[in-house]
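First comes the structure, then the notes that go with it.
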Number of protein chains: 2
Amino acid sequence: MAKGRVTVVDIAEAAGVSKSTVSLVLQGSSLVKGATRAKVLEVMSELGYVYNRGAANLRQTNASSSIIGVVVNDLTNNFFAELAVGVDMVVQSAGFVQFLSNTSESIDRQREVISSMREHGISGLLVSPARATEAADFKPLVAAGIPVVVVVRSLPGAKVSSVVADNANGVAMAVRHLVSLGHRRIAFLGGFPDTAVFDERMQGYRTAIKASGIEFDQKLVVPGPPSRAGGIDAIGRALMIDDRPTAAVCFNDAVAFGACDGLRARRMEPGQDFAVVGFDDVIEARSAVPALTTISVDPQAMGRRAAQLLLKQISAGKAEPESVVTAVRLVVRESCGAKNGRTAA
Amino acid sequence: MAKGRVTVVDIAEAAGVSKSTVSLVLQGSSLVKGATRAKVLEVMSELGYVYNRGAANLRQTNASSSIIGVVVNDLTNNFFAELAVGVDMVVQSAGFVQFLSNTSESIDRQREVISSMREHGISGLLVSPARATEAADFKPLVAAGIPVVVVVRSLPGAKVSSVVADNANGVAMAVRHLVSLGHRRIAFLGGFPDTAVFDERMQGYRTAIKASGIEFDQKLVVPGPPSRAGGIDAIGRALMIDDRPTAAVCFNDAVAFGACDGLRARRMEPGQDFAVVGFDDVIEARSAVPALTTISVDPQAMGRRAAQLLLKQISAGKAEPESVVTAVRLVVRESCGAKNGRTAA
DNA sequence: AAAAATAATTGGAACGTTCCAACTTTGTCA
DNA sequence: TGACAAAGTTGGAACGTTCCAATTATTTTT
């Protein structure tokens, strides 16, 4: 029994046909007679045959390994886990398998992982890049004709497709909502200015502020780490501005939670004494106290969208870079003060 | 340029050596002279060579593909995402890559995914099985000599290794804690009696109850779906028992949250009028109101442990089934009433 | 300086599959 | 019935690598 794996020639022998016929059966060719096919299939299940995809796509000149690589920067973050699940859904049903890896924001790890994936002959790559990823990092992939789709974080200058949330519009919606509640001094808290996502969100902020007839004030923009700690720090600085803000749009939900913490530390109640809006709609946003008003992006839908785009490019053969922007929506909860009928000042 | 991929013979030609020598360089053999190695490596990076692992382990008689398959039942659940990250950490650093897939509790999906993984020649499988997985489902893998490690949910009767939390001890700790707060009537809420995890937790409950000199009362065991809704239902039934309980250990945190909801619906405040303890320590446990007292299992550590076990078995060649039980700890927060100095009746 | 030992290199076969062209069997039509 | 077409089957070459035994280059020993 333990004389190595069962191969097509074993099957062929046992079924009394040639290995070519077995191969034909394997690919569901209509050339082989019904009776023969049945016999072969029977022998196959009897001997416990398992297809060797490695051998197969060694032969197939034009690769197409049926593996697609998925790289995310932080699986621990529910946002990215949902994204991966969305990707998996469409990838699976298209008969591909995914090769998922986590980089934990490490660019070295990302490089390692991607090169390992290449060695395994992925036919496409979907990546939510680690911070500080260079556009050039994907050059070799693209040169080799492997379609690459970047998701969540866009990579300016890279000749790859991307699927990102409508960052500008999301922030703009948040600003307009706060304006409609009567706020005029609205801060923008957190985020690193040298990232594409920051730029996009800031742009939405500027546009909406101006469109509301408010003058843009650079002092109200307080960048910082996109974390809870960063939020605490940012709100602290924002409150020291003379003519202090009465509301803030935060870079993401983590910053927003930090801002709430910071407000409380100063005896101010978020949603009553100060309006806070986040971005992402993470799972805790709903159950936090006060529940966070935020911009919701559906990561699972984004994953599906990105996977579809990638599959399209794989089957098209050549990768025409394409940019998709997915819609976001404003979820009004308590932290903006809308629910208790409060308006600013 | 686009005349297909670069292979070892291309390298050999360009470097003026034979393909055998290039192969030797590839595997870091000490047989090749320093100068030659340098030359080969130089040409390799110049031509943009990428190693074809598929071809390689086609030749290597004893497989060892350097891929390990990881299957989880619900990636959306942070518990399992953390687990996967733990696995990834050790798998990566051992030079393997992981092939992660999500089954969403679908047994069909699980079967598909695993067979696809086999086709790709995984050298080991780590799986958190979907509900209703049969022990027999892993028979073929084991027969083919592929090590399998089951994690989180044990599979009684399967001849595979497993890494599970110390369920019995965890529940026992919870019971002892409640007893120390003065409770004597302690219910056990939620969970399906036909699962291994339920059996283990129940066993811990019984043991600790008896060890505390309390008589075991079957009526206090209220099974049900391991969900928030199940918790609401279970607490409702528990409160109708005559000589009603004053505290409950819940099958998991979801049930515990449901129990809290149910208590409030009856104008009872969890942590004051009734003590509730959960299991898992999910992320929301800390931030909920009241914060949930629960049994914490570290999923990332579990993932690491399981991966180590799997790698050990892969390198050992033969898989001697082994069972590992990982430690858990009691995290006292507010829902048990300990923090406000309350004790039962 | 020749023989022996060691270091470095090499060609060819093999892994399990698919593809191609060639072949055999069966069916159809005049 | 013979010629021809269609249906079904087949052996061998190829994919990119590793392994083995054999060969050649370099040292060491006598």
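Below, read A as the first sequence line, B as the second, and so on, with proteins coming before strands; counting in each chain starts at 1.
Judged by distance alone, with hydrogens and angles left aside, A:Arg59 brings a side-chain donor or acceptor within reach of the base of C:dT18, the pair sitting under 3.5 Å. For C:dG11, its base never sits under 3.5 Å from the side chain of B:Ser18 at any donor and acceptor pair.
For residues 26-43 of chain A, proximity to DNA chain C is found at A:Gln27, defined as any non-hydrogen atom under 4.0 angstrom from a strand atom.
Within the 4.5 Å cutoff, the side chain of B:Ile107 has heavy atoms near those of the B:Asp137 side chain. B:Asp298 is not listed as a side-chain neighbour of B:Met302, based on a closest heavy-atom distance of 4.5 Å or more.
Put simply, CG on B:Asn52 is 12 Å from C1' on D:dT18, counting in whole angstrom units. Atom pair B:Leu58:CG and C:dT17:C1' shows a separation of 8 Å (rounding to whole Å applied). For the pair A:Asp10 CG and C:dG16 P, the interatomic distance rounds to 8 Å; values are reported in whole Å. The distance between atom CD of A:Glu13 and atom C1' of D:dT9, rounded to the nearest whole Å, is 17 Å. Following rounding to the nearest Å, A:Asn57 (CG) and C:dC19 (P) show an atom-to-atom distance of 11 Å. The distance between atom NZ of B:Lys19 and atom P of C:dG11, rounded to the nearest whole Å, is 8 Å. Atom-to-atom, CZ of B:Arg5 to P of D:dT17 comes out at 7 Å; the value is rounded to the nearest Å. Between A:Arg53 atom CZ and D:dC15 atom C1' the separation is 17 Å, expressed in whole Å.
Side-chain atoms of B:Thr76 and A:Gln300 form no donor-acceptor pair, as typed in the model, at a separation below 3.5 Å.
One axis for each end of the helix from C:dA1-D:dT30 to C:dA30-D:dT1, each built from five base pairs, and the angle between them comes to 40° at 10° resolution.
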Can you give the donor-acceptor pairs under 3.5 Å from side chains of residues 82-97 of chain A to other protein atoms, not counting sequence neighbours?
unit_1  : atom_1 : unit_2  : atom_2 : d
A:Asp88 : OD1    : A:Gln98 : NE2    : 2.7
A:Ser93 : OG     : A:Met89 : O      : 3.2
A:Ser93 : OG     : A:Val90 : O      : 3.2

Side-chain donor-acceptor pairs under 3.5 Å in residues 18-27 of chain A, sequence neighbours left out?
unit_1  : atom_1 : unit_2  : atom_2 : d
A:Ser18 : OG     : A:Ser20 : N      : 3.3
A:Ser18 : OG     : A:Thr21 : N      : 3.4
A:Ser18 : OG     : A:Thr21 : OG1    : 3.4
A:Ser23 : OG     : A:Gln27 : OE1    : 3.1

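Closest-nucleotide positions on DNA chain C for B:Thr21 and B:Ala56 were compared, and the one nearer the 5' end corresponds to B:Thr21.
Residue B:Ser23 is in base contact, counting any heavy-atom pair closer than 4.0 Å across all strands shown.
Residues satisfying the salt bridge (Lys or Arg N to Asp or Glu O under 4.0 Å) test with A:Glu112, not counting sequence neighbours, are none. Taking the side-chain hydrogen bond (donor to acceptor under 3.5 Å, both in side chains) definition, one finds that A:Thr7 meets it with nothing, sequence neighbours left out.
Considering only side-chain atoms of B:Ser20, the nucleotide from C:dT17, C:dT10, D:dT18 that sits closest is C:dT10.
Considering A:Ile122, A:Val70, A:Ile67, A:Ile146 as possible partners of A:Met117, the one that fulfils the side-chain contact (heavy atoms from CB on, under 4.5 Å) test is A:Ile122.
Here A:Arg153 pairs with A:Glu105 in a salt bridge; the nearest charged N to carboxylate O distance falls below 4.0 Å.
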